[in-house]
Each structure stands twice: as C-alpha cells, then as structure tokens.
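In what follows, a single structure is set out as structure tokens and then discussed.
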Number of protein chains: 2
Amino acid sequence: MARTSHRTAARAVEAQRRIREAGERVTTPRSAVLAALLAADHALTHHEVEEALAPVTPVDRVTVYRVLDRLVATGLAHRIPGEDRTWRFGANRRGPGGAHAHFTCSGCGRTVCLEETEVPAAVKVPRGFVPQRIELTVQGLCAACR
Amino acid sequence: MARTSHRTAARAVEAQRRIREAGERVTTPRSAVLAALLAADHALTHHEVEEALAPVTPVDRVTVYRVLDRLVATGLAHRIPGEDRTWRFGANRRGPGGAHAHFTCSGCGRTVCLEETEVPAAVKVPRGFVPQRIELTVQGLCAACR
DNA sequence: GGCGCGGATGCAACTCGGTTGCGTCTGCCT
DNA sequence: AGGCAGACGCAACCGAGTTGCATCCGCGCC
Ligand SMILES: [Mn+2]
Ligand SMILES: [Mn+2]
Ligand SMILES: [Zn+2]
Ligand SMILES: [Zn+2]
C-alpha cells in the first residue's frame, strides 16, 4: 500500500510535468485526469475516468469532457472512436504523432493501444482522394476473455 | 427521367430478390431501405436513409433502425462506426465477408467503401489475444472537398 | 506575499443518435 | 381464404456529449 500510493504520487507529478511542458495551466482536474490515463492499462471512457477520480478527487462530468478534449488538442492524449458509440482516451506516452493500432475485445469491451503494431504507411485510395491519417482497429478476444 | 425511374424500379426488384434469397420476409420498408443503400454512392446514416425514403415511401424512424440492424445481421449490409459517433451503412454488394477499408472525408463527412483497398490479413497482437476482424479506416479529403 | 485577470470549473438545461414497450398490422405458409 | 409469428408505428425513454452562464482559481506581475 505504501508502494502503491508512492507510485500514485509519482504519476501525479509526472502528469503535472507533462501538462506544464505543453504550456497548459496546471489544475487539479487536469492532473487527475491525465494521471488516471497514465495509470490505466487500457483506454478509458469518460465515465471510467469520472469513476476513477471520484473517490479522491471528484470532478464534474462536464469538466471531464472538457479536460479530455483539451488533452487531445494539446497532444497529451488521443481519442479512439469505438464500436459502441463512445470514445475512449489513452495517454500519449511517447509524445504526439505516434500512429499505432488498437485492439478492442468483444468480450469485456476494453480497448488497448497496440504500441508495437505497425499501421500501414500508405494505402490505395480512389483518384483525387487525399489520405491524411490511417486508423487500424483489431476486434477479437483479449487474453482474459478468451 | 424515364431512364432514372427505370433504374429505380430495377433496384427495388434487386433489393427484394436479395432479401428473399437471404430467407427474410420481404416488406416495404426492407426493400426500400436496401434499395436506398444499393443506390447510394457512399455509406448512409440512419437519418440519410430516412430522408431518402421520405418522399416516396415514408418509414418510421424506429423501423429504419430495426431494418438496418437486421440487414446487418443477415449479411446484406455492413455497419461502419464513425468518428462522429454515428453509424453508417453500406450494402454488401459482393456478398458478406468481403473485408474492405473505408475512407472518411473530414470535409463533407462522407464515408465511402474502398472495395479495392486491401486490409492486412493479420497483425501482431499481444500474447494470448485472439484477433477476429481487422478494420482499416482512412481519414482525409475526398476528390470533391480537396 | 498579495492583486488582478483570463481562462477553467461546476451546475443545469439541452441535443440527438439509438432503444424499448406495446398495440396493431401483414407477409407468408397451409 | 385463414391464422399466426413476426414486422411496423408510435410514444416514451436512455445515455453520451454539448452549451450557457455564474463563480472560482492558476499564474504572471508587482
Ligand atoms: Mn492508442
Ligand atoms: Mn464498406
Ligand atoms: Zn476482454
Ligand atoms: Zn468530402
């Protein structure tokens, strides 16, 4: 438990450092949300973030939405559109621009970032179309649900 | 115009044939919805389907949802999750199981099926994970919006 | 350390894509 | 033609995300 809360504190500091370095104001909700993303082993929904913060640093629903939007806008996190019409958010652990694939488990509904998996650099598109970003999502069963 | 309505009628017949062949009951809403998907040059939202049918064969909002669900379940159409939290639907012109990529235009918001574009057959996933389906979406600008 | 301001938070009300329950209607089999 | 399971229409509902506005507070400045 001492170990755990030590890690938690370290994560909070790390989150604050990242926010400050991005030139953003360091506020309680922002640090708490980013720390939650950094702590998670899978991409979190708005609701999951809210729940994760509730016991220690309750944050208003709307603020969670706004903070996550801002983290995405400043490149500190990324948003993953899901099969179930809800967005999930993951911290950009290795800075912005790291295009990677995602895995969504149809058992537990969790989405994880596949930092290792290559996304094709280019694909064939119809004449006149200009590709900008490629998204690759794998559906299947995670190790736990298999 | 004679040409156009002739094509329209042909499409209605084709839609009915496909529905019957799938072992489903042939109803007015079902034929109309599938015919609309077959006629479209891009994947349609629920709302677009409803609008397309309104002038000739008005169909209740809820019925459109249910018909589209069923077309997907029977393999006559497929559902594409979008960046904007709405689903889009396309007819499965070449039968079910034809995995293909999609292109979403950030200008007009339209999504088109890239029937030509290969989806990688397999990707690297973490140990113990079982991939089932791979989805590839390209974001960019379409020829009209460029 | 205190001051002031612009941006951030909290709360309430709202939008909209999609769902559910239920009574009526109809495609299809006999 | 007759009967029934399944489809349709309508109304109420749900939940993710948004908007407007008053209050608060991080941070640069003294
Ligand atoms: Mn990710
Ligand atoms: Mn398609
Ligand atoms: Zn799982
Ligand atoms: Zn376009």
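The model shown is predicted, which means the values in this text are computed figures rather than measured ones. Letters A, B, ... mirror the listed sequences (proteins, then strands); counts begin at 1.
For A:R85 against C:dG18, a side-chain-to-base donor-acceptor contact under 3.5 Å is absent. Between the base of C:dG7 and the side chain of A:R66 there is no donor-acceptor pair shorter than 3.5 Å. Residue B:R61 places no side-chain atom within donor-acceptor reach of the base of D:dG9, judged by atom type and a 3.5 Å distance cut-off alone.
Put simply, B:T86 has no side-chain N or O that comes within less than 4.0 Å of OP1 or OP2 on C:dG17. An OP1 or OP2 oxygen of C:dG18 is reached within less than 4.0 angstrom by a side-chain nitrogen or oxygen of B:H46.
Between A:Y65 and A:H46, the two ring planes are tilted [angle within 30° to 60°].
Summarising the geometry, the separation between CG on B:D69 and P on D:dG6 is reported as 17 Å, rounded to the nearest angstrom. The nearest whole Å value for the distance from the CG atom in A:L68 to the P atom in C:dA8 is 15 Å. In this entry the distance linking CD of B:E50 with P of C:dC16 reads 14 Å, nearest Å. The CG atom of B:L44 sits 15 Å away from the P atom of C:dG17 (whole-angstrom rounding). Across the protein-nucleic acid pair, B:R88 atom CZ and C:dG18 atom C1' stand 15 Å apart, rounded to whole Å. Taking atom CD1 of residue B:I19 and atom P of nucleotide C:dT26, one finds them 18 Å apart after rounding to whole Å. For the pair B:L53 CG and D:dG9 P, the interatomic distance rounds to 11 Å; values are reported in whole Å. Whole-Å rounding puts the A:D60 CG to D:dG17 C1' distance at 13 Å.
Judged purely by atom type and a 3.5 angstrom limit, A:R93 uses its side chain to pair as donor or acceptor with the backbone of A:L38. B:T45 contributes no side-chain N or O that, together with a main-chain N or O of B:R88, makes up a donor-acceptor pair within less than 3.5 Å.
Here the rule is side chain to side chain donor-acceptor pair (under 3.5 Å) with A:R18, and of A:E14, A:E21, A:Q16 only A:E14 fits it. Considering B:V33, B:L34, B:T27 in turn, B:T27 is the only one that fulfils the side chain to side chain contact (heavy atoms under 4.5 Å, CB included) rule with B:R30.
Residues from residues 24-37 of chain A placing a heavy atom under 4.0 Å of any atom in DNA chain D, listed by number, are A:R25, A:V26.
One finds the CZ atom of B:R133 at 9.5 Å from the OG1 atom of A:T104 (value rounded to the nearest 0.5 Å). For the atom pair A:H47 NE2 and A:T86 OG1, the distance stands at 11.0 Å (nearest 0.5 Å).
Residue A:L136 comes nearest to B:P120 through the heavy atom pair CD1-CG, 4.3 Å, listed as atom of the first residue, atom of the second, then distance.
In the helix from C:dG1-D:dC30 to C:dT30-D:dA1, the end axes, each obtained as the rotation axis mapping the C1' atoms of four pairs onto the next four within a five-pair block, lie 40° apart to the nearest 10 degrees.
Contact check for A:H42 versus A:L44: side-chain heavy atoms found under the 4.5 Å cut-off. Contact check for A:H78 versus A:H102: side-chain heavy atoms found under the 4.5 Å cut-off.
Taking the nucleotide of DNA chain D with the nearest heavy atom to each of A:D84 and B:T63, the more 5' of the two is matched to B:T63.
Distances were taken from every side-chain heavy atom of B:Y65 (C-beta onward) to each of C:dG17, D:dG17, C:dT9; the shortest belongs to C:dG17. If you check C:dG17, C:dC11, D:dG9 against the side chain of B:V59, the one that comes closest is D:dG9.
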